[in-house]
Protein chains: 2
Amino acid sequence: MPGKLSNINFNDYKPLREVIFESLRQAIIMGELKPGERLMEIQFAEKMGVSRTPVREAIRKLELEGLVVMIPRKGAHVAELSVKDIIDVLEIRSSLDGLATKLAAERITEEELNNIKNNIQQFAQNMEKNNVQGLIKKDVEFHELIYKASRNEKLVHIATNLKDQIHRFRVVYLKDYSSPKELVKEHQDIYDALKKRDGIYAESLAGIHINNQQETMTTYFTKNKNKR
Amino acid sequence: MPGKLSNINFNDYKPLREVIFESLRQAIIMGELKPGERLMEIQFAEKMGVSRTPVREAIRKLELEGLVVMIPRKGAHVAELSVKDIIDVLEIRSSLDGLATKLAAERITEEELNNIKNNIQQFAQNMEKNNVQGLIKKDVEFHELIYKASRNEKLVHIATNLKDQIHRFRVVYLKDYSSPKELVKEHQDIYDALKKRDGIYAESLAGIHINNQQETMTTYFTKNKNKR
DNA sequence: ACTAAGTATATTATATACAAAATACTGTAT
DNA sequence: ATACAGTATTTTGTATATAATATACTTAGT
């Protein structure tokens, strides 16, 4: 068989519902669809030039993921984000990041350690350039790298979901209230612990790292209470 | 307004898709639908006397929950359970049970503590009667009580999902390989720590509790390796 | 018997249709 | 103006229809 053909994947068909699912999901995570905003099937179907059926199926999945709330016979709307919700998510993340980092300390490869090293470097570069969007991206990536190194797919899945649930909000507060310098220091410390394969220390550092974020976030909310 | 009427909830309408979702979900968790078994829309639709539409929507949700795997254009089947999957789930549970128990130590009410006390008592009764089904039920309930006391709804949601993903399997191994006496002791210790509001100790006990289950499970698999 | 091509059947993916409920609108009475 | 009843419109929930793909079933050739 000619080499070229073997590179083509004939099985990359993706159902419409999946495309729509990812599209709506992204729109919610990125804040284009605001919390509380109604999701009307016909509207999306027409905008995308498809029928209601695949849109409905996409919304069902988003509902289970917690990004969308359904009220029978009334329809779906983007899930609201209360302060309690965000604290709840960060509480869980603190624990799961600890676990992921502990597992990563046992299972991470040299290559993966290098990827993390590079990530920290790039984070620092974005910091110098005052590139907030880039900072967020690299911060998200840092945690993804560690989760992947844990070799626990379900853990990756849950963490991704939790991260996405509060991403809309992170964009807001990370911009104004966190200090990237501290973040980069914390990332560096975690990396060092991973490199030394010190699971217990890495675990506690990761937990503290998220707890710090929780505090930053709480500060943000007490200062901006009036805006709500 | 007459008192009687106010007790009636006119808003208890549940869409068919939800009924079907829960029904299929239960069938998978309880093992009536076996891992790998195909889920064909028409079949279920006819059996339940409905159209394919609500069945499809139910399956989409089950897919996101991880109980069902979809292959485009080929259909859905009940997710298989590898040993790795179960270890992964228990790894996460160990961490989350620790978290839930720590939080519960801070937030649990006297009434909830009593419920746990009763639960342990009932567990012991089932043990004397050699009632395996009852044991499993009370064991599940014990953990549910603690999760609820954590006052973190998302944590409850995730833990429920994880629990259900491996429930089919638990039924098998808990019957033959775990020693209820140790379980009751561990539950009792966790209860004592909660009562004393000793979060740190309660957390570590809860983690160990799940790790023990993981070991029991590993033993089960090494002994039954040939059967697979 | 075993394979391969061709055909029939079953199943999924999507679109459309229709009933029932929710929402928006309109006009009337106060 | 405000509240309310009644109607029109929109939207959801479910059923059905249709096209495309996948699976099962022949049957011819070896």
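Chain letters run A, B, ... following the sequence lines, proteins first and then strands; every chain starts at 1. Quick caveat: nothing in here was measured; it's all calculated off a predicted structure. Keep in mind that the numbers below use all heavy atoms, side chains included, and drop hydrogens, waters and symmetry copies.
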Visitor: When the nearest nucleotide of DNA chain C is assigned to R52(A) and to L16(A) on a heavy-atom basis, which residue is associated with the more 5' position?
Guide: L16(A)
Visitor: Looking at every strand, decide which applies to L39(B) at a 4.0 Å heavy-atom threshold: base, sugar-phosphate, or nothing.
Guide: sugar-phosphate
Visitor: Taking only N and O in the side chain of S51(A), is any of them less than 4.0 Å away from OP1 or OP2 of dA15(C)?
Guide: yes
Visitor: Can you check side chain to side chain donor-acceptor pair (under 3.5 Å) on D97(A) and H209(A), steps first, answer last?
Guide: CA-CA 9 Å; D97(A) 272 47; H209(A) 179 53; over 6 Å; no
Visitor: Both A76(A) and T53(A) contact DNA chain D. Which one's nearest nucleotide lies toward the 5' end?
Guide: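 Here A76(A) is the residue nearer the 5' end.
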Visitor: Can a donor-acceptor pair be found between the side chains of N152(B) and Y147(B) at a distance below 3.5 Å?
Guide: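 No, because no side-chain N or O of N152(B) sits under 3.5 Å from a partner of the opposite role on Y147(B).
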Visitor: dG13(D) phosphate, OP1 or OP2: any side-chain N/O from R60(A) under 4.0 angstrom?
Guide: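 Yes, such a contact exists.
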Visitor: Verify the contact: side-chain N or O of Y13(A) to OP1 or OP2 of dT14(C), cut-off strictly under 4.0 Å; return yes or no.
Guide: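 For Y13(A), the contact criterion (side-chain N or O under 4.0 Å from OP1 or OP2 of dT14(C)) is met.
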Visitor: Using the ring of F123(A) (Phe, Tyr or Trp, six-membered ring only), decide whether K138(A) places NZ or CZ under 6.0 Å from its centre and within 45 degrees of its axis.
Guide: no
Visitor: Nearest to the side chain of R17(B) - dT14(C), dA22(C), dG13(D)?
Guide: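 The closest nucleotide is dG13(D).
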Visitor: Quick check for you: among dT11(C), dG13(D), dT16(D), whose closest atom lies nearest to any side-chain atom of R56(A)?
Guide: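 Among the listed nucleotides, the one closest to the side chain of R56(A) is dG13(D).
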Visitor: Can a donor-acceptor pair be found between the side chains of D139(B) and H187(B) at a distance below 3.5 Å?
Guide: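 Yes, because at least one side-chain N or O of D139(B) sits under 3.5 Å from a partner of the opposite role on H187(B).
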Visitor: What nucleotide, of dA15(C), dT12(D), dG13(D), holds the atom closest to the side chain of I42(A)?
Guide: dT12(D)
Visitor: Taking only the side-chain heavy atoms of M40(B) (C-beta and beyond), determine which of dT12(C), dA15(C), dT11(D) contains the nearest atom.
Guide: dT12(C)
